[in-house]
Amino acid sequence: MSGETDAIMRPLLQRAGREALQRFRHVRARHKADGSPVTEADLIAEQILVEGIEAAFPGDAIRSEEGMGATGAGGRQWMVDPLDGTGSFLEGLAHWGPTVGLLDEGAPIYGALYWPRTGDYFHAEEGVAWWDEEPLPKIAVEAPTRRGILYIPSRLHAYVRLGWPGKARNLGSIAAHLALVATGGAAGALIPGGWKPWDVVCGMALLDCVGGEARTFNGDPLSIPAHSGQAFIAGNPAVVAYLLQPDRLRFFTDT
(Lines give C-alpha, C1' and ligand atoms only; values in the text may rest on other atoms or scores of the structure.)
Protein backbone atom coordinates (compact mmCIF):
# COMPACT_ATOMS: atom_id res chain seq x y z
CA MET A 1 0.00 0.00 0.00
CA SER A 2 1.37 3.40 -0.94
CA GLY A 3 1.04 6.71 0.84
CA GLU A 4 1.20 9.96 -1.07
CA THR A 5 4.99 10.09 -1.18
CA ASP A 6 5.43 6.45 -2.11
CA ALA A 7 2.83 6.70 -4.86
CA ILE A 8 5.24 9.12 -6.54
CA MET A 9 8.50 7.41 -5.61
CA ARG A 10 7.71 3.76 -6.29
CA PRO A 11 7.39 4.17 -10.08
CA LEU A 12 10.64 6.14 -10.11
CA LEU A 13 12.55 3.45 -8.21
CA GLN A 14 11.09 0.72 -10.38
CA ARG A 15 12.00 2.59 -13.54
CA ALA A 16 15.53 3.22 -12.27
CA GLY A 17 15.81 -0.43 -11.30
CA ARG A 18 14.66 -1.63 -14.71
CA GLU A 19 17.26 0.55 -16.40
CA ALA A 20 19.97 -0.91 -14.17
CA LEU A 21 18.74 -4.45 -14.78
CA GLN A 22 18.96 -3.95 -18.55
CA ARG A 23 22.68 -3.26 -18.04
CA PHE A 24 23.25 -6.13 -15.62
CA ARG A 25 26.31 -8.12 -16.77
CA HIS A 26 26.76 -5.71 -19.69
CA VAL A 27 28.69 -2.80 -18.15
CA ARG A 28 32.17 -2.20 -16.86
CA ALA A 29 33.05 -0.20 -13.77
CA ARG A 30 35.42 2.64 -13.26
CA HIS A 31 36.67 3.48 -9.79
CA LYS A 32 36.15 6.80 -8.06
CA ALA A 33 38.75 8.59 -5.95
CA ASP A 34 37.62 6.70 -2.84
CA GLY A 35 38.08 3.36 -4.62
CA SER A 36 34.39 2.53 -4.92
CA PRO A 37 33.04 1.41 -8.32
CA VAL A 38 30.57 3.29 -10.48
CA THR A 39 28.92 2.16 -13.71
CA GLU A 40 26.69 3.50 -16.45
CA ALA A 41 23.79 1.85 -14.59
CA ASP A 42 24.45 3.99 -11.49
CA LEU A 43 24.47 7.19 -13.52
CA ILE A 44 21.31 6.50 -15.53
CA ALA A 45 19.39 5.39 -12.43
CA GLU A 46 20.52 8.49 -10.54
CA GLN A 47 19.37 10.79 -13.32
CA ILE A 48 15.91 9.20 -13.27
CA LEU A 49 15.58 9.54 -9.51
CA VAL A 50 16.96 13.05 -9.15
CA GLU A 51 14.96 14.47 -12.03
CA GLY A 52 11.81 12.78 -10.70
CA ILE A 53 12.29 14.15 -7.19
CA GLU A 54 13.04 17.64 -8.50
CA ALA A 55 9.81 17.61 -10.50
CA ALA A 56 7.61 16.17 -7.73
CA PHE A 57 9.09 17.98 -4.73
CA PRO A 58 10.40 21.35 -5.90
CA GLY A 59 12.34 23.17 -3.21
CA ASP A 60 13.54 20.03 -1.42
CA ALA A 61 17.29 19.53 -1.24
CA ILE A 62 18.73 16.41 -2.88
CA ARG A 63 22.03 14.70 -2.08
CA SER A 64 22.95 11.83 -4.35
CA GLU A 65 25.90 9.46 -4.39
CA GLU A 66 27.14 10.40 -7.85
CA GLY A 67 26.63 14.14 -7.36
CA MET A 68 23.46 14.97 -9.29
CA GLY A 69 21.94 16.87 -6.38
CA ALA A 70 20.08 20.11 -5.81
CA THR A 71 19.99 22.71 -3.06
CA GLY A 72 16.81 23.47 -1.15
CA ALA A 73 15.58 26.20 1.16
CA GLY A 74 13.80 24.13 3.81
CA GLY A 75 14.69 21.33 6.22
CA ARG A 76 13.69 18.49 3.89
CA GLN A 77 16.56 16.65 2.28
CA TRP A 78 16.42 13.65 -0.04
CA MET A 79 19.21 11.08 0.00
CA VAL A 80 19.64 9.10 -3.20
CA ASP A 81 21.72 6.01 -3.85
CA PRO A 82 20.92 4.95 -7.41
CA LEU A 83 22.42 1.50 -7.01
CA ASP A 84 23.21 0.44 -3.47
CA GLY A 85 25.39 -2.65 -3.73
CA THR A 86 27.26 -1.81 -6.92
CA GLY A 87 29.85 -4.45 -6.01
CA SER A 88 27.14 -7.10 -5.82
CA PHE A 89 25.72 -5.83 -9.12
CA LEU A 90 29.12 -6.31 -10.76
CA GLU A 91 29.57 -9.74 -9.18
CA GLY A 92 26.25 -11.01 -10.56
CA LEU A 93 24.46 -11.21 -7.20
CA ALA A 94 20.88 -10.27 -6.38
CA HIS A 95 20.76 -7.79 -3.50
CA TRP A 96 21.36 -4.46 -5.19
CA GLY A 97 19.13 -1.66 -6.35
CA PRO A 98 18.06 1.97 -5.97
CA THR A 99 17.28 3.34 -2.54
CA VAL A 100 16.08 6.75 -1.42
CA GLY A 101 15.26 8.37 1.88
CA LEU A 102 13.83 11.66 3.06
CA LEU A 103 15.12 13.53 6.09
CA ASP A 104 13.10 16.30 7.71
CA GLU A 105 15.27 18.36 10.05
CA GLY A 106 17.62 15.38 10.20
CA ALA A 107 15.00 12.73 11.04
CA PRO A 108 14.07 10.00 8.53
CA ILE A 109 10.41 10.26 7.55
CA TYR A 110 10.38 8.16 4.38
CA GLY A 111 12.52 5.50 2.79
CA ALA A 112 12.30 3.04 -0.08
CA LEU A 113 14.45 0.25 -1.52
CA TYR A 114 13.91 -1.82 -4.67
CA TRP A 115 15.73 -4.99 -5.77
CA PRO A 116 15.18 -5.39 -9.52
CA ARG A 117 16.45 -8.96 -9.72
CA THR A 118 14.00 -10.28 -7.14
CA GLY A 119 11.19 -7.72 -7.42
CA ASP A 120 11.26 -7.01 -3.67
CA TYR A 121 10.21 -3.53 -2.63
CA PHE A 122 10.49 -2.05 0.87
CA HIS A 123 9.24 1.30 2.04
CA ALA A 124 8.41 3.20 5.20
CA GLU A 125 5.97 6.08 5.39
CA GLU A 126 3.66 7.60 8.01
CA GLY A 127 4.88 5.26 10.76
CA VAL A 128 4.33 2.00 8.87
CA ALA A 129 6.96 -0.17 7.17
CA TRP A 130 6.07 -2.38 4.20
CA TRP A 131 7.63 -5.31 2.36
CA ASP A 132 5.87 -5.35 -0.99
CA GLU A 133 2.18 -5.04 -0.02
CA GLU A 134 2.48 -6.51 3.49
CA PRO A 135 2.94 -4.26 6.53
CA LEU A 136 5.83 -5.31 8.72
CA PRO A 137 5.03 -6.17 12.35
CA LYS A 138 7.05 -5.01 15.31
CA ILE A 139 10.24 -7.05 15.53
CA ALA A 140 10.55 -9.53 18.38
CA VAL A 141 12.83 -8.53 21.23
CA GLU A 142 14.82 -11.74 21.59
CA ALA A 143 18.30 -12.46 22.86
CA PRO A 144 20.75 -13.94 20.32
CA THR A 145 20.53 -17.67 19.61
CA ARG A 146 22.38 -20.15 17.41
CA ARG A 147 19.71 -19.56 14.75
CA GLY A 148 20.10 -15.78 14.73
CA ILE A 149 21.47 -14.03 11.64
CA LEU A 150 23.88 -11.12 11.97
CA TYR A 151 24.82 -9.14 8.88
CA ILE A 152 28.43 -8.04 9.00
CA PRO A 153 30.92 -5.99 6.95
CA SER A 154 32.73 -8.03 4.32
CA ARG A 155 36.13 -7.39 5.92
CA LEU A 156 35.11 -7.78 9.56
CA HIS A 157 37.43 -10.79 9.88
CA ALA A 158 40.41 -8.50 9.26
CA TYR A 159 39.94 -6.36 12.36
CA VAL A 160 37.40 -7.84 14.81
CA ARG A 161 36.94 -11.02 16.80
CA LEU A 162 33.19 -11.44 16.89
CA GLY A 163 31.41 -12.94 19.88
CA TRP A 164 28.15 -14.00 18.22
CA PRO A 165 26.41 -17.36 18.84
CA GLY A 166 24.55 -17.52 15.53
CA LYS A 167 25.33 -17.12 11.83
CA ALA A 168 27.06 -14.19 10.09
CA ARG A 169 26.40 -13.10 6.52
CA ASN A 170 27.18 -10.29 4.09
CA LEU A 171 25.10 -9.28 1.05
CA GLY A 172 27.23 -6.37 -0.13
CA SER A 173 24.62 -3.70 0.61
CA ILE A 174 24.10 -1.70 3.79
CA ALA A 175 20.55 -0.84 2.72
CA ALA A 176 19.78 -4.55 2.23
CA HIS A 177 21.21 -5.48 5.63
CA LEU A 178 19.10 -2.88 7.44
CA ALA A 179 15.95 -3.75 5.49
CA LEU A 180 16.23 -7.43 6.35
CA VAL A 181 16.76 -6.63 10.01
CA ALA A 182 13.53 -4.60 9.86
CA THR A 183 11.67 -7.60 8.40
CA GLY A 184 12.72 -9.75 11.37
CA GLY A 185 14.61 -12.09 9.05
CA ALA A 186 17.86 -11.11 10.73
CA ALA A 187 18.57 -10.34 14.36
CA GLY A 188 20.97 -7.49 13.72
CA ALA A 189 23.58 -5.83 11.57
CA LEU A 190 26.99 -4.31 12.16
CA ILE A 191 27.38 -1.23 9.96
CA PRO A 192 31.01 -0.21 9.42
CA GLY A 193 32.33 3.31 9.58
CA GLY A 194 32.47 5.40 6.44
CA TRP A 195 28.82 5.11 5.42
CA LYS A 196 27.02 8.01 3.77
CA PRO A 197 23.48 9.15 4.64
CA TRP A 198 22.03 7.65 1.44
CA ASP A 199 23.26 4.23 2.61
CA VAL A 200 21.19 4.24 5.81
CA VAL A 201 18.20 6.61 5.65
CA CYS A 202 15.83 4.03 4.20
CA GLY A 203 16.94 1.37 6.65
CA MET A 204 16.59 3.71 9.60
CA ALA A 205 13.10 4.72 8.48
CA LEU A 206 12.13 1.03 8.30
CA LEU A 207 13.65 0.24 11.71
CA ASP A 208 11.93 3.19 13.36
CA CYS A 209 8.57 1.81 12.26
CA VAL A 210 9.12 -1.71 13.66
CA GLY A 211 10.73 -0.95 17.00
CA GLY A 212 14.33 -1.57 15.98
CA GLU A 213 17.30 0.20 17.49
CA ALA A 214 20.53 1.61 16.13
CA ARG A 215 23.37 2.65 18.43
CA THR A 216 26.96 3.73 17.98
CA PHE A 217 29.67 1.62 19.57
CA ASN A 218 29.58 4.13 22.47
CA GLY A 219 25.94 3.19 23.09
CA ASP A 220 24.47 6.47 21.84
CA PRO A 221 21.21 6.29 19.85
CA LEU A 222 22.19 6.85 16.24
CA SER A 223 21.54 10.31 14.80
CA ILE A 224 22.22 10.44 11.07
CA PRO A 225 23.39 14.08 11.12
CA ALA A 226 25.34 13.86 14.39
CA HIS A 227 26.98 10.47 13.82
CA SER A 228 27.46 10.54 10.05
CA GLY A 229 29.97 7.89 9.04
CA GLN A 230 30.34 6.33 12.51
CA ALA A 231 30.11 2.56 12.86
CA PHE A 232 26.91 1.38 14.53
CA ILE A 233 24.88 -1.64 15.56
CA ALA A 234 21.28 -2.13 14.43
CA GLY A 235 18.76 -4.73 15.47
CA ASN A 236 16.18 -5.61 18.04
CA PRO A 237 17.01 -3.92 21.35
CA ALA A 238 18.14 -7.16 23.05
CA VAL A 239 20.62 -7.89 20.27
CA VAL A 240 22.00 -4.36 20.28
CA ALA A 241 22.49 -4.53 24.05
CA TYR A 242 24.19 -7.92 23.71
CA LEU A 243 26.67 -6.69 21.11
CA LEU A 244 27.49 -3.58 23.14
CA GLN A 245 28.70 -5.70 26.06
CA PRO A 246 32.48 -5.77 26.61
CA ASP A 247 34.40 -8.31 24.50
CA ARG A 248 31.52 -9.06 22.10
CA LEU A 249 33.39 -7.05 19.48
CA ARG A 250 37.08 -7.31 20.23
CA PHE A 251 39.29 -5.37 17.86
CA PHE A 252 42.62 -6.96 16.99
CA THR A 253 44.40 -3.83 18.21
CA ASP A 254 42.96 -4.35 21.70
CA THR A 255 45.39 -5.65 24.33
Side-chain angles (χ1 to χ4, degrees), residues 13 17 36-37 65 79-91 93-101 108 111-118 120-124 129-132 136 139-140 142 144 147-160 162 164 166-217 221-222 224 227-240 242-244 248-249:
L13 269 82
S36 61
E65 183 175 18
M79 299 293 170
V80 177
D81 190 338
L83 209 166
D84 192 77
T86 300
S88 294
F89 172 83
L90 291 167
E91 293 162 22
L93 304 179
H95 296 92
W96 52 265
T99 182
V100 301
L113 168 65
Y114 176 54
W115 293 336
R117 286 205 71 194
T118 65
D120 290 286
Y121 184 85
F122 307 85
H123 80 280
W130 301 81
W131 183 358
D132 295 327
L136 293 176
I139 56 176
E142 298 176 344
R147 299 182 302 278
I149 304 298
L150 182 70
Y151 285 111
I152 63 172
S154 60
R155 291 190 53 78
L156 187 76
H157 62 283
Y159 55 91
V160 170
L162 175 62
W164 175 254
K167 301 175 182 180
R169 292 179 179 156
N170 178 277
L171 300 175
S173 163
I174 289 174
H177 291 177
L178 293 174
L180 291 172
V181 172
T183 69
L190 301 179
I191 307 301
W195 53 267
K196 302 297 184 183
W198 47 74
D199 296 318
V200 306
V201 174
C202 174
M204 291 303 302
L206 292 165
L207 284 170
D208 285 348
C209 293
V210 298
E213 263 191 8
R215 292 183 179 271
T216 69
F217 284 13
L222 184 75
I224 293 173
H227 301 124
S228 182
Q230 291 188 31
F232 66 92
I233 303 168
N236 83 61
V239 165
V240 174
Y242 176 91
L243 288 169
L244 284 173
R248 300 300 188 197
L249 299 170

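The structure presented is a predicted model; accordingly, all values stated were derived computationally and were not measured.
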Take L207 and V181 through the side-chain contact (heavy atoms from CB on, under 4.5 Å) test and state the conclusion after the steps. CA-CA 8 Å; L207 284 170; V181 172; 3.8 Å; yes
Ignoring hydrogens, what is the shortest heavy-atom contact between [X] and [Y]? Give both atom names and the distance.
{"X": "A182", "Y": "V210", "answer": "O-CG2, 3.7 Å"}
{"X": "D120", "Y": "Y114", "answer": "O-CD1, 3.3 Å"}
{"X": "S173", "Y": "H95", "answer": "CB-O, 3.6 Å"}
{"X": "A168", "Y": "I152", "answer": "CB-CD1, 3.8 Å"}
{"X": "P144", "Y": "V239", "answer": "CG-CG2, 4.2 Å"}
{"X": "S228", "Y": "W195", "answer": "CA-CH2, 3.6 Å"}

Spacing of [X] atom [atom1] and [Y] atom [atom2] [to the nearest 0.5 Å]:
{"X": "R169", "Y": "L150", "atom1": "CZ", "atom2": "CG", "result": "11.0 Å"}
{"X": "L156", "Y": "N170", "atom1": "CG", "atom2": "CG", "result": "9.5 Å"}
{"X": "W198", "Y": "I174", "atom1": "CH2", "atom2": "CD1", "result": "11.5 Å"}
{"X": "L222", "Y": "M204", "atom1": "CG", "atom2": "CE", "result": "5.0 Å"}
{"X": "L244", "Y": "T216", "atom1": "CG", "atom2": "OG1", "result": "7.5 Å"}
{"X": "D84", "Y": "H177", "atom1": "CG", "atom2": "NE2", "result": "9.5 Å"}

After noting the C-alpha distance and the side-chain angles of W115 and F122, does the key distance pass the ring-ring contact (aromatic ring centres under 6.0 Å, His included) rule? CA-CA 9 Å; W115 293 336; F122 307 85; 5.0 Å; yes
If you apply the rule side-chain contact (heavy atoms from CB on, under 4.5 Å), what do you find for Y242 with W164, and how did you get there? CA-CA 9 Å; Y242 176 91; W164 175 254; 4.2 Å; yes
Strictly distance-based, threshold 3.5 Å: is any side-chain N or O of [X] a donor or acceptor partner for the main-chain N or O of [Y]?
{"X": "S88", "Y": "L171", "answer": "yes"}
{"X": "W131", "Y": "Y121", "answer": "no"}
{"X": "D199", "Y": "K196", "answer": "yes"}

Mind checking whether L190 and P153 have side chains closer than 4.5 Å, heavy atoms only?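 When only atoms from C-beta onward are counted, P153 and L190 do touch, with a gap below 4.5 Å.
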Please determine whether side-chain contact (heavy atoms from CB on, under 4.5 Å) holds for the pair L206 and L113, giving the CA-CA distance in whole Å, both sets of side-chain angles, and the decisive distance to 0.1 Å. CA-CA 10 Å; L206 292 165; L113 168 65; 5.8 Å; no
Does a donor on one side chain sit under 3.5 Å from an acceptor on the other, for D81 and T99?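 Note: D81 and T99 side chains miss the donor-acceptor criterion.
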Could you walk me through whether I233 and F217 pass the side-chain contact (heavy atoms from CB on, under 4.5 Å) test, one step at a time? CA-CA 7 Å; I233 303 168; F217 284 13; 3.5 Å; yes
